[in-house]
Amino acid sequence: MIFEVWAPRATAVELLVLEERRSMSAGAGGWWRAEVEGAGHGTRYTFEVDGDGPYPDPRSRRQPEGVFGPSAVYDHDRFTWSDHDWKGRDLRGAIIYELHIGTFTTDGTFEAAIEKLPHLVELCVDFVEIMPVAPVPGGRNWGYDGVDLYAVNETYGGPDGLKSFVDACHQAGIGVILDVVYNHLGPSGNFLRPFGPYFAGFEGSFWGEAVNLDGPESDEVRRYFVGNALQWLRDYHIDGLRLDAVHALHDRRATHLLAELAAEVDALSCSTGRPLSLIAESDLNDPRMVRSLDAGGLGMTAQWNDDVHHALHCAVSGENHGYYQDFASLEALAKVLTHGVLHDGSYSSFRARGHGASFAGVPGHRLVACLQNHDQIGNRPAGDRLPITALKLGSGLLLTSPFTPMLFMGEEWGARTPFLFFSDHVEAHLRDTEGARRQREFDGFGYAWEAPNPSDEESFLRSKLDWSEVKEEEHWSLLCWYRDLIALRKALPELSDPRLDRVRVELDPMGKWLLMWRGSVAVAVNFSLDPVTLPLPPGTILLASDDPMTCTETGLHLPAQSLTVYRPTPHNQPQP
């Protein structure tokens, strides 16, 4: 077989394989090659560059001994797929379920996660979105310290484990989205630098050095990341990618990396005959992110929408510190429900400047919204989740909104387990300072930062879901509520209608109630600690309610902190 590696500035590259040292031949474009008889699937190998090393392959498909060990040849064709009838799944009208493989189950493996798929089928989600699976130092990590980006974390089950998980999801009718990180690499086990100019030479974000997307010799660096994305979609049958913090991608080229990636993925989608989605995490509030390439946009299928999360969180929790300060009013919630974002060029107090642009004309399905996610829970010092009452109210609005809803693992039953930040760095200086670095990251957020040590194994173990909670009455009741809401959303076209200009909101800031109209269906929410009566006509049909409600000649009576979905009789429905 032929071994290849890109090292454009090297004067000599050697391949260590089959207990031999072999000199590699320099070729065009900075690529070095060597042909080795007898090498194949499972063969371990490393490289030395100008006498330094040994290093794993930058495009290693497998790291059986972890990030500091040798690479291993991995033949994708050896895996037997059974998803031949899978035609993919469109993001439009879908519901996403985010999970972390290491904490989703007690065992923390792909195999164990497969056993929980019947739960997700009964919940009726359309996609699972798994947090990054690239190899990381140690045995536990969120995944955003990944290196060897073409490989799969062995503690989860390695490349075959990921394929088995995707295959099982497809058999269950569920698509798979993979979270990938292209704006930086982890600080430990990152051996790209000896091979070439992969980095830009400046801090691109709080998390590390920026990758070289627009400097000298950046063509091949860009291909490194584009090729990585195509690998997951093609060789692992992944249905979509969530691109971490794309605002930290520093690219001044005429064609942005995201646009280049979108074009490549569109071509792959045409050849595979199934839809492939790209979801950007962006805090820019820039509608160009989700506009098509032919309309001058970056071609992303969708983007995460923090504004919806912030407004929902403030409404159900009462918090207003840090970046929540602009979202604390019901007027802010009404605006995000009808306009997609709050900051559409308006002043952002947290940033002390104007922020964003209008999303007018952008369909709501291009905005992935949530009540909780790994960041919004895990970035809290105690990793604490919303209580059940808040989840009932927030999920009622989220799952009847015009956006693409996303749930975070355990949310559907009100899991009491926290989701803490955890890591397992090998180097003492990284391990001992992880907590302090984490605290500096959130300086100015308004938290009294008292967080468990991320390096303690207990922080990881405490974050594992406790599935026995589902059997408790209050948790089972909430799970039924989520199931009912999802079933209602799928049954009533009005609730998945993505046209923001057809959403109407009435509210009473003093009474703390809000009424959202989705066509002929209305969602009434009472955030107050006191019951309220909405002046609605008799004959109203209740479709879903998290608390006993009555509709009389005087209106609809909502108990304290409650939500109902209803439809007035046709002659009483308001006209648009």
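Scope of the values below: all heavy atoms of this structure, side chains included, with no hydrogens, waters or symmetry mates.
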query: Can you find a heavy atom in the side chain of Asp244 that is under 4.5 Å from one in the side chain of Val180?
result: no
query: Under a 4.5 Å cut-off applied to non-hydrogen side-chain atoms, are Leu492 and Arg518 in contact?
result: no
message: As a test of understanding, state which of Tyr144, Phe422, Phe419 forms a ring-ring contact (aromatic ring centres under 6.0 Å, His included) with His374.
response: Tyr144
So that I can tick it off, tell me whether [Y] and [X] are bridged by a salt bridge, with the cut-off set at under 4.0 angstrom between side-chain N and carboxylate O.
| X | Y | value |
| --- | --- | --- |
| Glu472 | Arg416 | yes |
| Asp235 | Lys163 | no |
| Arg89 | Asp239 | no |
| Asp286 | Arg291 | no |
| Glu281 | Arg242 | yes |
| Glu154 | Arg62 | yes |
| Glu457 | Arg462 | no |
| Asp307 | Lys335 | no |

- prompt: Short question: side chain of Ser164, backbone of Asp160 - any donor-acceptor pair under 3.5 Å?
  reply: yes
field: Side-chain donor/acceptor of Thr417 to backbone N/O of Ser463, under 3.5 Å
entry: no
field: Criterion ring-ring contact (aromatic ring centres under 6.0 Å, His included) on Phe350 and Tyr324, from CA distance to verdict
entry: CA-CA 8 Å; Phe350 181 71; Tyr324 292 135; 9.6 Å; no
[X] versus [Y], closest heavy-atom pair with distance:
| X | Y | answer |
| --- | --- | --- |
| Ser468 | Asp466 | OG-OD1, 2.5 Å |
| Ser205 | Ala248 | CB-CB, 4.0 Å |
| Ala94 | Pro405 | O-CD, 3.5 Å |

- prompt: Run the ring-ring contact (aromatic ring centres under 6.0 Å, His included) check on Tyr323 and His313 step by step: do they pass?
  reply: CA-CA 11 Å; Tyr323 50 57; His313 183 87; 8.8 Å; no
task: Return each pair, listed once, that meets ring pair (Phe, Tyr, Trp, His ring centres under 6.0 Å) where at least one residue sits in residues 376-403; pairs must be two or more places apart or across chains.
output: none
Member of Pro381, Ser459, Pro418 meeting the side chain to side chain contact (heavy atoms under 4.5 Å, CB included) criterion with Pro452: Ser459
- line: Of Glu411, Met409, Glu98, Met406, the one forming a side chain to side chain contact (heavy atoms under 4.5 Å, CB included) with Gln372 is Glu411
query: Any side-chain donor paired with an acceptor under 3.5 Å for Asp167 and Ser82?
result: yes
Stepwise salt bridge (Lys or Arg N to Asp or Glu O under 4.0 Å) check, Glu494 with Arg489: CA-CA 8 Å; Glu494 300 98 317; Arg489 180 181 180 89; over 6 Å; no
- request: For ring-ring contact (aromatic ring centres under 6.0 Å, His included), just list the numbers for His309 and Phe327, CA-CA rounded to whole Å, side-chain angles, deciding distance to a tenth of an Å, and then say yes or no.
  value: CA-CA 10 Å; His309 167 271; Phe327 297 85; 9.2 Å; no
message: Pair Phe104, Trp467 - check ring-ring contact (aromatic ring centres under 6.0 Å, His included), show working.
response: CA-CA 9 Å; Phe104 186 54; Trp467 285 84; 5.3 Å; yes
